[in-house]
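One-based numbering, in listed order, for ligands and for the atoms of each. This is a predicted model, so every value here is computed, not measured.
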Amino acid sequence: MSSQTETALPAAAAELPPYSHELPWPAHLAPFKVVDDGSQGDPYEHYAWMRENAPVLRAQSPVSDVWFISRYADVRKAMRAPKIFSSEVVKPVPLNFLTIIDAPDHARLRQVVAKAFTPKAINLFEDLVRANAHRSLDRLIANGGGDVVEEFAIPLSISTIGALLDVRAEDFEKMKFWSDETFSYFGRLARNAPGTATDEQSTLELFEYLKENMERLHLEGNESIGGHIARMWKEGTLTEKEAKELCAFVFVAGHDTTTILLANTFLTYSEQPHLLDRIRRNPADAVKFAEELARFRGTIQRASRVTTEDVEVAGTVIPQGAIVRLLPGAQPGQREVPGR
Ligand code: HEM
């Protein structure tokens, strides 16, 4: 057994649990599905029922069964047991995206990313991010309001990640398109998501663009995170493929997550205006608010894994080779909001 936290069992011992659609869900909740058809847009009631009644839930999909794990302790244990819950859901690993790579490559590439996020590299663009945030907000206020996702969350997120990699501001719109397409391509490879007809081509274009950007950053001796990754490529620590795919991963990983968190900020303020009043009175509480929001209404709802051996979780045996989705957003607390 490769973990202290999970129990590995002999293969023959496993009896498969009923599917999600065979379970006695309350009348107002459609059975939880692998691909949301709209009934799970606000999944917290589903999660609460799952934690109580089916903490390991097996759902059917045309490609394969998918096993959902919803209890905090079980999600935490699985995230800490990478030998049993492998991130390598596609083999051979098609892209150098950290979330689908196990040790030892994961540790090596993770170190490269961690080294690039130096205080110096972050300080370089902090003022710029603040100025961009003020500019978008001032415009919204001057217009008497607007769409906070389109006019604040997306531009702020793109310009921040763009600054991190020191991408030219005039290319942000193109980057947004490529980033969405790359996310779609990644979902198609790693999660059997439908993708788009152009996502692979767009991803290759993004990689080519990032390569050219790194050539420029290297010539400039640039100190941004993109500049660090470029230097590691030119010094031979990373291959060209690794360097450009790492840049793309940082872009994609950092863009949607922060856009959604910013959007959720406004949603939460609109539901609980007293929180906004409190932050106005005590601006330092904004930091606590952001931390709590990441837990309360998190932007990563599912993390994909594949089991390398039979493993028991919450009394259910998940077989070797099973596709698993950990639900880090399923933790208790979300439904305690008044009015939800
Ligand atoms: C609200 C913002 C964010 C949230 C909630 C978030 C959440 C997560 C989660 C849950 C994972 C682990 C996924 C898994 O284990 O399968 C992850 C991985 C990662 N994220 Fe984020 N993220 C956010 C923003 C960012 C930003 C801004 C960046 C970079 C600019 C970033 C870079 C990464 C990297 C490099 C990894 C891979 C780490 C590793 O595998 O060791 N993330 N993120």
Side-chain angles (χ1 to χ4, degrees), residues 68-69 72 74-90 93 95-118 121-122 124-126 129 149 153-154 156-167 175 179 182-183 186-187 189-191 210 224-229 232 238 242-243 245-268 286-287 289-307 323-331:
F68 291 92
I69 298 182
Y72 175 79
D74 297 330
V75 170
R76 193 164 186 270
K77 275 183 199 167
M79 284 195 155
R80 289 166 172 232
K83 286 187 183 155
I84 297 181
F85 290 92
S86 161
S87 293
E88 295 194 352
V89 291
V90 194
V93 175
L95 296 171
N96 288 291
F97 280 19
L98 282 164
T99 45
I100 52 167
I101 302 178
D102 286 338
D105 279 340
H106 179 271
R108 182 174 61 84
L109 295 172
R110 180 67 150 77
Q111 211 180 18
V112 169
V113 176
K115 269 192 190 153
F117 277 79
T118 58
I122 303 293
L124 270 181
F125 66 86
E126 194 177 329
V129 172
V149 176
I154 292 176
L156 182 58
S157 161
I158 285 281
S159 59
T160 303
I161 307 298
L164 227 92
L165 296 174
D166 210 327
V167 170
M175 292 292 290
S179 170
T182 303
F183 189 65
F186 178 61
L189 290 182
R191 293 192 301 271
L210 289 169
S224 71
I225 285 155
H228 280 274
I229 296 177
M232 291 185 218
L238 294 173
E242 286 171 338
E245 292 179 8
L246 260 190
C247 284
F249 177 74
V250 168
F251 199 92
V252 174
H255 160 51
D256 245 17
T257 44
T258 47
T259 300
I260 295 169
L261 197 67
L262 286 167
N264 284 350
T265 303
F266 286 90
L267 186 61
T268 303
V287 176
F289 173 83
E291 295 258 330
E292 174 59 2
L293 188 69
R295 183 199 68 81
F296 171 74
R297 190 170 260 155
T299 68
I300 299 285
Q301 294 289 326
R302 300 176 178 198
S304 298
R305 300 290 189 269
V306 57
T307 51
I323 298 296
V324 173
R325 301 271 191 274
L326 308 175
L327 300 175
Q331 308 323 316

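- The structure places CD1 of I229 at 8.5 Å from CG of L164, a figure rounded to the nearest 0.5 Å.
- At a 4.0 Å heavy-atom cut-off, ligand 1 touches T257 through backbone and side chain alike.
- With hydrogens and angles ignored, the 3.5 Å screen pairs no side-chain donor or acceptor of S86 with any backbone N or O of K83.
- F296 CZ to L293 CG: the interatomic distance, rounded to the nearest 0.5 Å, is 7.5 Å.
- Nearest protein neighbour of atom 5 (C) of ligand 1, counting heavy atoms only, is T299 OG1, 3.3 Å.
- L189 contributes atom CG, which lies 7.0 Å from atom CD1 of I100 (distance to the nearest 0.5 angstrom).
- Of the listed options F249, F251, F97, F249 places a heavy atom closest to atom 19 (C) of ligand 1.
- In this structure, atom 13 (C) of ligand 1 lies nearest to the protein heavy atom T99 CG2, 3.7 Å.
- At distances below 3.5 Å, not a single donor-acceptor pair connects side-chain atoms of D74 with backbone N or O atoms of I69.
- Less than 4.0 angstrom separates some heavy atom of A303 from each of these atoms of ligand 1: 16 (O).
- Distances from atom 11 (C) of ligand 1 to the protein include no heavy-atom value under 4.0 Å.
- Short contacts between ligand 1 and L261, defined as distances under 4.0 Å to a heavy atom of the residue, involve ligand atoms 1 (C).
- The shortest distance between side-chain heavy atoms of F186 and V252 does not fall below 4.5 Å.
- Figure legend: R191 and F183 shown as a cation-pi pair, the cationic atom lying under 6.0 angstrom from the six-membered ring centre and within 45 degrees of its axis.
- F249 is not listed as a side-chain neighbour of T182, based on a closest heavy-atom distance of 4.5 Å or more.
- Scanning all protein heavy atoms for the shortest distance to atom 33 (C) of ligand 1 gives A253 CB, 4.0 Å.
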**OP:** Please test R325 against Q301 for side chain to side chain contact (heavy atoms under 4.5 Å, CB included), starting from the C-alpha separation and ending with a verdict.
**Re:** CA-CA 9 Å; R325 301 271 191 274; Q301 294 289 326; over 6 Å; no

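- From H255, atom NE2 reaches atom CD1 of I154 across 6.0 Å, with rounding to the nearest 0.5 Å.
- If you number the atoms of ligand 1 from 1 as listed, the ones under 4.0 Å from a heavy atom of V250 come out as 30 (C).
- Nearest to atom 27 (C) of ligand 1 among the protein's heavy atoms is G254 CA, 3.5 Å.
- When M79, Q111, H106 are ranked by how near their heavy atoms come to atom 40 (O) of ligand 1, first place goes to H106.
- Counting atoms of ligand 1 from 1 in the listed order, those under 4.0 Å from a heavy atom of F117 are 29 (C), 30 (C).
- The part of L164 lying near ligand 1 is the side chain, judged by heavy-atom distances below 4.0 Å.
- For the atom pair OG1 (T268) and CG (L261), the distance works out to 8.5 Å, reported to the nearest 0.5 Å.
- At the shortest separation from atom 8 (C) of ligand 1 among protein heavy atoms lies I300 CG1, 3.9 Å.
- For atom 37 (C) of ligand 1, a protein heavy-atom neighbour is found at a distance under 4.0 Å.
- For the atom pair CD1 (I84) and NZ (K77), the distance works out to 11.0 Å, reported to the nearest 0.5 Å.
- When distances from atom 15 (O) of ligand 1 to the protein are checked, a heavy atom turns up under 4.0 Å.
- Contacts between L98 and ligand 1, counted as non-hydrogen atom pairs separated by less than 4.0 Å, involve both the backbone and the side chain.
- For the pair R305 and ligand 1, the shortest N or O to N or O distance falls below 3.5 Å.
- For ligand 1, one of its N or O atoms has an N or O atom of R110 under 3.5 Å away.
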